[in-house]
Amino acid sequence: MIFQKSACIETLYTELPFLERFSAARADGFEFVEFWSWTDKDLAAVKAAADAAGVGISGFNGDAELSLIDPAQKTAYKAFLRRSLDAARRIGARSVTVHSNGLGEGGRVLCPYDDLSDAVKLCTMFDTLKIAAEWAENCGVQINLEPLNVTTDHPGNFLRHTRTAAELTRLIGSPNLKVLYDVYHMQLNEGSLCDHIRAYADQFGHIHVADAPGRHEPGTGEIYYPAVFAALEQAGYRGLIGYELFPKTDTQTAVRAIMAD
(Lines give C-alpha, C1' and ligand atoms only; values in the text may rest on other atoms or scores of the structure.)
Protein backbone atom coordinates (compact mmCIF):
# COMPACT_ATOMS: atom_id res chain seq x y z
CA MET A 1 0.00 0.00 0.00
CA ILE A 2 1.34 3.42 -0.96
CA PHE A 3 -0.34 5.31 1.87
CA GLN A 4 1.21 6.37 5.15
CA LYS A 5 -0.61 5.10 8.23
CA SER A 6 -1.94 7.03 11.22
CA ALA A 7 -2.95 5.33 14.49
CA CYS A 8 -5.86 6.70 16.49
CA ILE A 9 -4.40 6.46 19.98
CA GLU A 10 -7.78 6.94 21.63
CA THR A 11 -8.77 3.45 20.44
CA LEU A 12 -5.40 1.74 19.90
CA TYR A 13 -2.73 1.23 22.59
CA THR A 14 -5.26 1.92 25.35
CA GLU A 15 -3.38 -0.54 27.59
CA LEU A 16 -0.65 2.13 27.87
CA PRO A 17 -0.65 5.59 29.48
CA PHE A 18 -1.57 8.17 26.85
CA LEU A 19 1.87 9.72 26.38
CA GLU A 20 3.48 6.29 25.93
CA ARG A 21 1.23 5.52 22.98
CA PHE A 22 3.20 7.81 20.65
CA SER A 23 6.40 5.78 20.83
CA ALA A 24 4.49 2.47 20.78
CA ALA A 25 2.71 3.46 17.57
CA ARG A 26 5.97 4.55 15.95
CA ALA A 27 7.68 1.33 16.97
CA ASP A 28 4.92 -0.61 15.23
CA GLY A 29 5.42 1.29 11.98
CA PHE A 30 2.87 4.10 12.12
CA GLU A 31 4.18 7.37 10.70
CA PHE A 32 1.44 9.46 12.35
CA VAL A 33 -0.95 9.39 15.30
CA GLU A 34 -4.26 11.13 15.89
CA PHE A 35 -6.57 11.61 18.83
CA TRP A 36 -9.96 13.08 19.69
CA SER A 37 -10.25 15.98 22.13
CA TRP A 38 -7.36 18.38 22.67
CA THR A 39 -8.71 20.40 25.59
CA ASP A 40 -8.16 17.55 28.05
CA LYS A 41 -4.53 17.11 26.99
CA ASP A 42 -1.28 18.76 28.08
CA LEU A 43 -0.33 20.04 24.63
CA ALA A 44 3.29 20.71 25.52
CA ALA A 45 3.62 17.11 26.74
CA VAL A 46 1.85 15.83 23.61
CA LYS A 47 4.27 17.68 21.34
CA ALA A 48 7.24 16.48 23.36
CA ALA A 49 6.04 12.86 23.20
CA ALA A 50 5.47 13.05 19.45
CA ASP A 51 8.83 14.70 18.84
CA ALA A 52 10.66 12.17 21.01
CA ALA A 53 8.98 9.29 19.19
CA GLY A 54 9.62 10.76 15.76
CA VAL A 55 5.94 10.47 14.86
CA GLY A 56 3.74 13.10 13.24
CA ILE A 57 0.36 14.25 14.53
CA SER A 58 -2.22 13.95 11.79
CA GLY A 59 -4.99 15.69 13.70
CA PHE A 60 -7.68 15.87 16.36
CA ASN A 61 -11.28 17.01 16.72
CA GLY A 62 -11.81 20.74 16.49
CA ASP A 63 -15.42 21.28 17.52
CA ALA A 64 -15.99 19.73 20.97
CA GLU A 65 -19.68 19.69 21.89
CA LEU A 66 -20.63 22.61 19.62
CA SER A 67 -22.85 22.34 16.56
CA LEU A 68 -21.99 23.49 13.04
CA ILE A 69 -25.66 23.49 11.98
CA ASP A 70 -27.14 25.58 14.81
CA PRO A 71 -27.38 29.30 13.93
CA ALA A 72 -27.53 30.13 17.64
CA GLN A 73 -24.09 28.54 18.18
CA LYS A 74 -22.29 30.23 15.28
CA THR A 75 -20.30 32.66 17.38
CA ALA A 76 -19.27 30.10 19.98
CA TYR A 77 -18.47 27.51 17.29
CA LYS A 78 -16.19 29.84 15.38
CA ALA A 79 -14.41 30.96 18.54
CA PHE A 80 -13.69 27.37 19.58
CA LEU A 81 -12.60 26.36 16.09
CA ARG A 82 -10.10 29.23 16.03
CA ARG A 83 -8.69 27.95 19.31
CA SER A 84 -8.48 24.45 17.81
CA LEU A 85 -6.59 25.71 14.76
CA ASP A 86 -4.18 27.58 17.03
CA ALA A 87 -3.68 24.42 19.11
CA ALA A 88 -2.98 22.39 15.97
CA ARG A 89 -0.42 24.91 14.80
CA ARG A 90 1.32 24.92 18.21
CA ILE A 91 1.85 21.16 18.24
CA GLY A 92 2.41 20.73 14.51
CA ALA A 93 -0.80 18.81 13.81
CA ARG A 94 -1.79 18.66 10.15
CA SER A 95 -5.55 18.96 10.58
CA VAL A 96 -8.61 19.35 12.76
CA THR A 97 -11.81 17.37 12.22
CA VAL A 98 -15.27 18.92 12.39
CA HIS A 99 -18.77 17.44 12.41
CA SER A 100 -22.28 18.73 11.78
CA ASN A 101 -23.70 18.13 15.26
CA GLY A 102 -22.24 18.54 18.69
CA LEU A 103 -21.13 15.19 20.09
CA GLY A 104 -21.13 14.14 23.72
CA GLU A 105 -19.64 11.20 25.56
CA GLY A 106 -19.21 8.15 23.34
CA GLY A 107 -20.02 10.18 20.25
CA ARG A 108 -23.66 10.67 21.26
CA VAL A 109 -25.40 13.34 19.17
CA LEU A 110 -26.42 15.99 21.66
CA CYS A 111 -29.24 17.44 19.57
CA PRO A 112 -30.66 16.37 16.17
CA TYR A 113 -32.24 19.81 15.60
CA ASP A 114 -35.47 18.39 14.24
CA ASP A 115 -36.95 21.89 14.55
CA LEU A 116 -34.58 23.28 11.89
CA SER A 117 -35.00 22.73 8.15
CA ASP A 118 -32.26 21.15 6.08
CA ALA A 119 -31.87 24.51 4.31
CA VAL A 120 -31.07 26.28 7.58
CA LYS A 121 -28.64 23.54 8.60
CA LEU A 122 -26.81 23.56 5.26
CA CYS A 123 -26.62 27.35 5.02
CA THR A 124 -25.31 27.61 8.56
CA MET A 125 -22.66 24.99 7.82
CA PHE A 126 -21.65 26.73 4.61
CA ASP A 127 -21.34 30.18 6.19
CA THR A 128 -19.15 28.98 9.04
CA LEU A 129 -17.00 26.67 6.93
CA LYS A 130 -16.31 29.37 4.34
CA ILE A 131 -14.92 31.68 7.03
CA ALA A 132 -13.09 28.83 8.78
CA ALA A 133 -11.43 27.77 5.52
CA GLU A 134 -9.81 31.19 5.25
CA TRP A 135 -8.48 30.87 8.78
CA ALA A 136 -7.15 27.41 7.97
CA GLU A 137 -5.34 28.71 4.90
CA ASN A 138 -3.76 31.50 6.93
CA CYS A 139 -2.43 29.18 9.63
CA GLY A 140 -1.49 26.26 7.38
CA VAL A 141 -3.79 23.71 9.03
CA GLN A 142 -6.41 21.63 7.19
CA ILE A 143 -10.03 21.30 8.28
CA ASN A 144 -11.67 17.94 7.54
CA LEU A 145 -15.47 17.69 7.53
CA GLU A 146 -16.66 14.23 8.58
CA PRO A 147 -20.03 12.61 7.85
CA LEU A 148 -21.00 9.99 10.45
CA ASN A 149 -23.18 6.90 10.46
CA VAL A 150 -26.67 7.25 11.89
CA THR A 151 -27.52 3.56 12.09
CA THR A 152 -25.25 2.46 14.90
CA ASP A 153 -23.02 5.05 16.56
CA HIS A 154 -24.50 8.52 15.94
CA PRO A 155 -28.31 8.46 15.53
CA GLY A 156 -29.63 11.93 14.76
CA ASN A 157 -26.47 13.23 13.08
CA PHE A 158 -27.28 15.54 10.17
CA LEU A 159 -24.27 15.11 7.87
CA ARG A 160 -24.42 11.49 6.82
CA HIS A 161 -23.50 11.25 3.11
CA THR A 162 -20.26 11.65 1.18
CA ARG A 163 -21.95 13.62 -1.59
CA THR A 164 -23.30 16.31 0.71
CA ALA A 165 -19.96 16.85 2.41
CA ALA A 166 -18.00 16.83 -0.86
CA GLU A 167 -20.40 19.23 -2.58
CA LEU A 168 -20.04 21.64 0.34
CA THR A 169 -16.25 21.58 0.21
CA ARG A 170 -16.26 21.90 -3.59
CA LEU A 171 -18.51 24.95 -3.42
CA ILE A 172 -16.24 26.64 -0.91
CA GLY A 173 -13.22 25.66 -2.96
CA SER A 174 -10.46 25.97 -0.38
CA PRO A 175 -7.39 23.72 -0.49
CA ASN A 176 -7.52 23.67 3.32
CA LEU A 177 -11.11 22.41 3.62
CA LYS A 178 -11.64 18.76 2.72
CA VAL A 179 -13.77 15.73 3.63
CA LEU A 180 -12.81 13.07 6.13
CA TYR A 181 -14.03 9.92 4.43
CA ASP A 182 -14.63 7.26 7.07
CA VAL A 183 -15.04 3.95 5.26
CA TYR A 184 -16.78 2.31 8.23
CA HIS A 185 -19.34 5.10 8.65
CA MET A 186 -20.08 5.26 4.93
CA GLN A 187 -20.45 1.49 4.57
CA LEU A 188 -23.19 1.66 7.18
CA ASN A 189 -24.88 4.75 5.72
CA GLU A 190 -24.64 4.39 1.96
CA GLY A 191 -22.47 1.50 0.74
CA SER A 192 -21.13 1.67 -2.86
CA LEU A 193 -17.75 2.55 -1.37
CA CYS A 194 -15.66 2.43 -4.53
CA ASP A 195 -18.24 4.37 -6.55
CA HIS A 196 -18.21 7.15 -3.97
CA ILE A 197 -14.42 7.14 -3.85
CA ARG A 198 -14.21 7.51 -7.63
CA ALA A 199 -16.74 10.37 -7.58
CA TYR A 200 -15.42 12.38 -4.65
CA ALA A 201 -11.80 11.43 -3.85
CA ASP A 202 -10.59 14.81 -5.07
CA GLN A 203 -12.27 16.25 -1.96
CA PHE A 204 -10.84 13.77 0.54
CA GLY A 205 -8.38 15.15 3.06
CA HIS A 206 -8.13 12.12 5.33
CA ILE A 207 -9.40 8.53 5.39
CA HIS A 208 -10.58 6.56 8.42
CA VAL A 209 -10.55 2.78 8.39
CA ALA A 210 -12.43 0.21 10.44
CA ASP A 211 -14.33 -2.87 9.35
CA ALA A 212 -18.09 -3.22 9.51
CA PRO A 213 -19.92 -4.39 11.44
CA GLY A 214 -18.11 -4.06 14.75
CA ARG A 215 -15.65 -1.22 13.99
CA HIS A 216 -12.67 -3.54 14.39
CA GLU A 217 -9.53 -4.03 12.28
CA PRO A 218 -9.72 -4.91 8.56
CA GLY A 219 -10.51 -8.56 7.97
CA THR A 220 -13.01 -8.87 10.80
CA GLY A 221 -16.06 -7.75 8.84
CA GLU A 222 -17.58 -7.42 5.38
CA ILE A 223 -15.50 -4.63 3.81
CA TYR A 224 -12.98 -5.78 1.21
CA TYR A 225 -10.22 -3.31 1.95
CA PRO A 226 -7.86 -4.27 -0.91
CA ALA A 227 -10.49 -2.96 -3.34
CA VAL A 228 -11.04 0.19 -1.24
CA PHE A 229 -7.32 1.02 -1.12
CA ALA A 230 -6.94 0.29 -4.84
CA ALA A 231 -9.85 2.63 -5.62
CA LEU A 232 -8.30 5.39 -3.51
CA GLU A 233 -4.95 4.99 -5.26
CA GLN A 234 -6.52 4.92 -8.72
CA ALA A 235 -8.60 8.02 -7.89
CA GLY A 236 -5.46 9.96 -7.01
CA TYR A 237 -5.75 10.09 -3.24
CA ARG A 238 -2.31 10.49 -1.67
CA GLY A 239 -3.14 11.44 1.92
CA LEU A 240 -3.00 9.44 5.13
CA ILE A 241 -4.98 6.38 6.14
CA GLY A 242 -6.11 6.74 9.75
CA TYR A 243 -6.94 3.60 11.72
CA GLU A 244 -9.74 4.68 14.05
CA LEU A 245 -10.88 1.27 15.20
CA PHE A 246 -11.44 -0.80 18.31
CA PRO A 247 -9.31 -3.97 18.40
CA LYS A 248 -11.42 -7.09 18.33
CA THR A 249 -9.10 -8.74 20.85
CA ASP A 250 -6.03 -6.61 21.60
CA THR A 251 -3.90 -3.88 20.07
CA GLN A 252 -1.09 -6.11 18.82
CA THR A 253 -3.44 -8.45 17.00
CA ALA A 254 -5.14 -5.46 15.41
CA VAL A 255 -1.80 -3.90 14.44
CA ARG A 256 -0.69 -7.10 12.71
CA ALA A 257 -3.83 -6.98 10.58
CA ILE A 258 -3.30 -3.29 9.85
CA MET A 259 0.30 -3.71 8.80
CA ALA A 260 -0.59 -6.65 6.55
CA ASP A 261 -2.56 -4.32 4.26
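Throughout, numbering of the chain's residues begins at 1 and tracks the sequence.
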Is a donor on one side and an acceptor on the other found under 3.5 Å between the side chain of [X] and the backbone of [Y]?
X: Arg26; Y: Gly54; answer: yes
X: Arg198; Y: Ala231; answer: no
X: Ser95; Y: Ser58; answer: yes
X: Arg21; Y: Tyr13; answer: yes
X: Arg160; Y: Val150; answer: no
X: Glu31; Y: Lys5; answer: yes
X: Asn176; Y: Gly140; answer: no
X: His216; Y: Leu245; answer: no
X: Asn157; Y: Asn149; answer: no
X: Asp211; Y: Glu222; answer: yes

Item checked: Counterpart residues, salt bridge (charged side-chain N to carboxylate O under 4.0 Å, His left out), relative to Lys74 (two or more places apart) ->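 Partners of Lys74 by the salt bridge (charged side-chain N to carboxylate O under 4.0 Å, His left out) criterion, ordered by chain and then number, come out as Asp127.
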
Would you say the side chain of [Y] lies within less than 4.5 Å of the side chain of [X], judging by non-hydrogen atoms?
X: Asn189; Y: Thr151; value: yes
X: Tyr181; Y: Tyr200; value: no
X: Pro247; Y: Thr253; value: no
X: Arg215; Y: Thr11; value: no
X: Phe35; Y: Val46; value: yes
X: Lys121; Y: Ser100; value: no
X: Ile207; Y: Phe229; value: no
X: Phe204; Y: Ile197; value: yes

If hydrophobic clusters are built from ILVMFWY residues whose side chains come within less than 4.5 Å, do [X] and [Y] share one?
X: Tyr77; Y: Phe126; result: yes
X: Tyr243; Y: Met186; result: yes
X: Phe80; Y: Leu110; result: no
X: Leu193; Y: Tyr225; result: yes
X: Met259; Y: Ile9; result: yes

What is the minimum heavy-atom distance between [X] and [Y], and which atoms define it?
X: Tyr184; Y: Ala210; value: CB-O, 3.4 Å
X: Ala87; Y: Leu43; value: CB-CD1, 3.8 Å
X: Ser84; Y: Trp38; value: OG-NE1, 2.9 Å
X: Ser23; Y: Glu20; value: OG-O, 3.2 Å
X: Ile223; Y: Ala212; value: CD1-N, 3.8 Å
X: Ala166; Y: Gln203; value: O-CG, 3.9 Å

Next item on the list: Answer yes or no: does atom CZ of Arg238 have more than 12 heavy-atom neighbours from other residues, nucleotides or ligands under 6.0 Å?
Entry: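 Correct, the count exceeds 12.
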
Item checked: Greater than 12 external heavy atoms within 6.0 Å of Tyr224's OH ->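 Counting neighbours around OH of Tyr224, 12 or fewer heavy atoms of other residues, nucleotides or ligands fall under 6.0 Å, so no.
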
Next item on the list: Check the pair Asp202, Arg170 against side-chain contact (heavy atoms from CB on, under 4.5 Å), reporting the backbone distance first and the verdict last.
Entry: CA-CA 9 Å; Asp202 65 296; Arg170 278 180 180 163; 2.6 Å; yes

Please tell me whether [X] and [Y] have a donor and an acceptor in their side chains that are separated by less than 3.5 angstrom.
X: Asn144; Y: Glu146; value: no
X: His206; Y: Gln142; value: no
X: Asp70; Y: Tyr113; value: yes

Check: Going through the checks in order, is the side-chain contact (heavy atoms from CB on, under 4.5 Å) test met by Leu148 and Asp153?
Finding: CA-CA 8 Å; Leu148 302 173; Asp153 302 293; over 6 Å; no

Note to self: I'd like to know if Lys41 and Glu10 make a salt bridge, using a cut-off of under 4.0 Å between side-chain N and carboxylate O.
What the structure shows: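 Answer for the salt bridge query: yes.
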
Check: Would you call Asp86 and Arg83 a salt bridge, taking side-chain N to carboxylate O under 4.0 Å as the test?
Finding: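 Looking at Asp86 and Arg83, the cut-off is not met.
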
Next item on the list: Would you sort out whether Gln252 and Asp28 count as a side-chain hydrogen bond (donor to acceptor under 3.5 Å, both in side chains), showing the intermediate values?
Entry: CA-CA 9 Å; Gln252 288 310 308; Asp28 281 338; 3.3 Å; yes

Measuring from atom [atom1] of [X] to atom [atom2] of [Y], what distance do you get when rounded to the nearest 0.5 angstrom?
X: Phe60; Y: Ser37; atom1: CZ; atom2: OG; result: 9.0 Å
X: Asp51; Y: Ile57; atom1: CG; atom2: CD1; result: 7.5 Å
X: Leu168; Y: Leu122; atom1: CG; atom2: CG; result: 6.0 Å
X: Glu244; Y: Leu180; atom1: CD; atom2: CG; result: 8.0 Å
X: Asp250; Y: Glu15; atom1: CG; atom2: CD; result: 7.5 Å
X: Met125; Y: Phe158; atom1: CE; atom2: CZ; result: 6.5 Å

Next item on the list: Tell me whether the centres of the aromatic rings in His154 and His99 are closer together than 6.0 Å.
Entry: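 His154 vs His99: aromatic centres not under 6.0 Å.
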
Margin query: Pair Phe30, Val255 - check side-chain contact (heavy atoms from CB on, under 4.5 Å), show working.
Written below: CA-CA 10 Å; Phe30 290 101; Val255 168; 4.1 Å; yes

Check: For Ile143 and Trp135, what are the C-alpha separation, side-chain angles and deciding distance, and is it a side-chain contact (heavy atoms from CB on, under 4.5 Å)?
Finding: CA-CA 10 Å; Ile143 296 173; Trp135 298 342; over 6 Å; no

